[in-house]
Amino acid sequence: MSTDAEPFLRWTADRSAVPDRHLAPVLSVGRTSSDVLVAELLRPAGPSVSAALDRLGAPSVGVAVTLTAPLLDLAVAAARGAVVLGRADPDDVVVDDAGAVVLCDRPSAAAVFEQDTTDAGPPRRRAWWRDSPPSGARAAGLDAVEALVLATRIVWERVDPREPCRAGVDAALVAARSGDPDALDALRACVHAAAPPRPVRWDPPPSVFAFVDADPIAERRGPGSPSLDALRSAARDALERGVPVGRRRVPVRQVFVGVLVVVGLTVAAVTALSP
């Protein structure tokens, strides 16, 4: 066996041995007709963590813990040699339909050639052995541990900076960029201590073939009748994901506090200026 192929085969063997909920699984390993070694991975159809946060809005501390704790568990395990990770970019950390984060890394000695998405099955990602990458292949990205830390930073940058835990987490993130196992362990402990994990209110786009039961009440209203469905939907969306302000969403609690502060200042100013 060529020593150039060892990183590729070590990665595929480790990934195939023990499946992990937060790692993209290997579907098959083989060689092409031109004798190029290739591994086929199952990549979730969800968006990257950054794109998912654009839809979720500003996450609470508990949601940030839910999204980043598994990433840091992987980073610590890889830094201490318990799991073999390859190369990745921050956009290779995706959020699947269940709201779980999944790392779609690739072997260190491979280059991504193509991503196949067909109507007949889930999207698949192919990683080719770098010994003879085909034309159009792009080079591997960052070390997967560094990509995990960057993805963690992307999540925590969206958390309200006034949260008491932000200063400690930000400092631990800066220290963990070195990839030192102790610094990664300290970051993980800091994130776990920030707050209990909270479920991700994840609402993926509906399927093209999703069927919705008819609403008998809406049918009885008839066309042109006033409906509260849109109002209920908007209120539920604001409570679960926050109030849209520009390109971001602000939690309802912060909006309520801001309104109270403005009203209080207005009343105080009127009282002070009145004779």
Side-chain angles (χ1 to χ4, degrees), residues 15 19-27 40-75 85-106 112-127 138 140-160 173 191 197-210 233-234 236-251:
R15 183 61 51 86
D20 190 288
R21 174 68 180 87
H22 303 285
L23 289 174
V26 174
L27 296 178
E40 197 172 29
L41 278 69
L42 176 63
R43 180 185 175 96
S48 67
V49 66
S50 179
L53 288 173
D54 289 339
R55 289 169 48 192
L56 289 172
S60 65
V61 176
V63 171
V65 172
T66 299
L67 290 173
T68 57
L71 304 181
L72 296 176
D73 290 340
L74 286 175
L85 298 181
R87 312 287 292 185
D89 297 310
D91 286 344
D92 290 324
V93 178
V94 302
V95 182
D96 64 12
D97 290 344
V101 286
V102 179
L103 172 64
C104 304
D105 63 328
R106 48 194 177 274
V112 174
F113 177 60
E114 62 182 347
Q115 293 179 346
D116 297 329
T117 304
T118 63
D119 296 335
R124 288 175 170 81
R125 184 173 196 162
R126 291 184 175 180
R138 65 179 178 90
L142 304 171
D143 180 79
V145 173
E146 184 178 357
L148 290 170
V149 175
L150 287 176
T152 301
R153 181 178 179 180
I154 289 172
V155 175
W156 281 95
E157 283 180 341
R158 304 289 187 98
V159 177
D160 188 350
L173 277 167
V191 167
R198 301 291 297 172
V200 179
R201 300 293 185 180
W202 182 238
D203 186 19
S207 171
V208 176
F209 300 103
S233 177
R236 186 184 304 111
D237 182 72
L239 289 173
E240 293 181 351
R241 301 171 58 193
V243 179
V245 178
R247 299 181 60 185
R248 302 184 64 178
R249 287 181 176 267
V250 180

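Only one option out of V101, V191, T152, I154 pairs with L67 in a side chain to side chain contact (heavy atoms under 4.5 Å, CB included); it is V101.
Between P90 and E146, every side-chain heavy-atom pair lies at or beyond the 4.5 Å cut-off. By the 4.5 Å heavy-atom criterion applied to side chains, P59 and L53 are counted as neighbours. Put simply, the side chain of L41 does not reach to within 4.5 Å of the side chain of C104, judged on heavy atoms. R87 places none of its side-chain heavy atoms less than 4.5 Å from the side chain of D92. H22 has its side chain out of reach of L103: every pair of non-hydrogen atoms, C-beta onward, lies at least 4.5 Å apart. V102 places none of its side-chain heavy atoms less than 4.5 Å from the side chain of V93. In this structure the side chain of R55 reaches within 4.5 angstrom of the side chain of P47, judged on heavy atoms.
Taking all atoms of both residues into account, the shortest heavy-atom contact from A98 to R21 is CB-NH2, 3.8 Å. The two residues V200 and G99 have their closest heavy-atom pair at CG2-O, 3.9 Å. When all heavy atoms of P197 and T66 are compared, the closest pair comes out as CB-OG1, 3.3 Å.
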- request: List the steps, then state whether side chain to side chain contact (heavy atoms under 4.5 Å, CB included) holds for S50 with E157.
  value: CA-CA 11 Å; S50 179; E157 283 180 341; over 6 Å; no
task: Start with the C-alpha distance between R43 and D96, add both sets of side-chain angles, then the distance that settles side chain to side chain contact (heavy atoms under 4.5 Å, CB included), and finish with yes or no.
output: CA-CA 9 Å; R43 180 185 175 96; D96 64 12; over 6 Å; no
- request: Assess whether salt bridge (Lys or Arg N to Asp or Glu O under 4.0 Å) is satisfied between D105 and R15, documenting all intermediate values.
  value: CA-CA 10 Å; D105 63 328; R15 183 61 51 86; 2.9 Å; yes
- prompt: Should V49 and V155 be marked as a side chain to side chain contact (heavy atoms under 4.5 Å, CB included) after you check the CA-CA gap, both sets of side-chain angles, and the distance that decides it?
  reply: CA-CA 8 Å; V49 66; V155 175; 3.6 Å; yes
query: Between L23 and L85, does a side chain to side chain contact (heavy atoms under 4.5 Å, CB included) hold up when you go through it step by step?
result: CA-CA 9 Å; L23 289 174; L85 298 181; 3.8 Å; yes
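Here L150 contributes atom CG and L71 contributes atom CG; the two are 11.5 Å apart, rounded to the nearest 0.5 Å.
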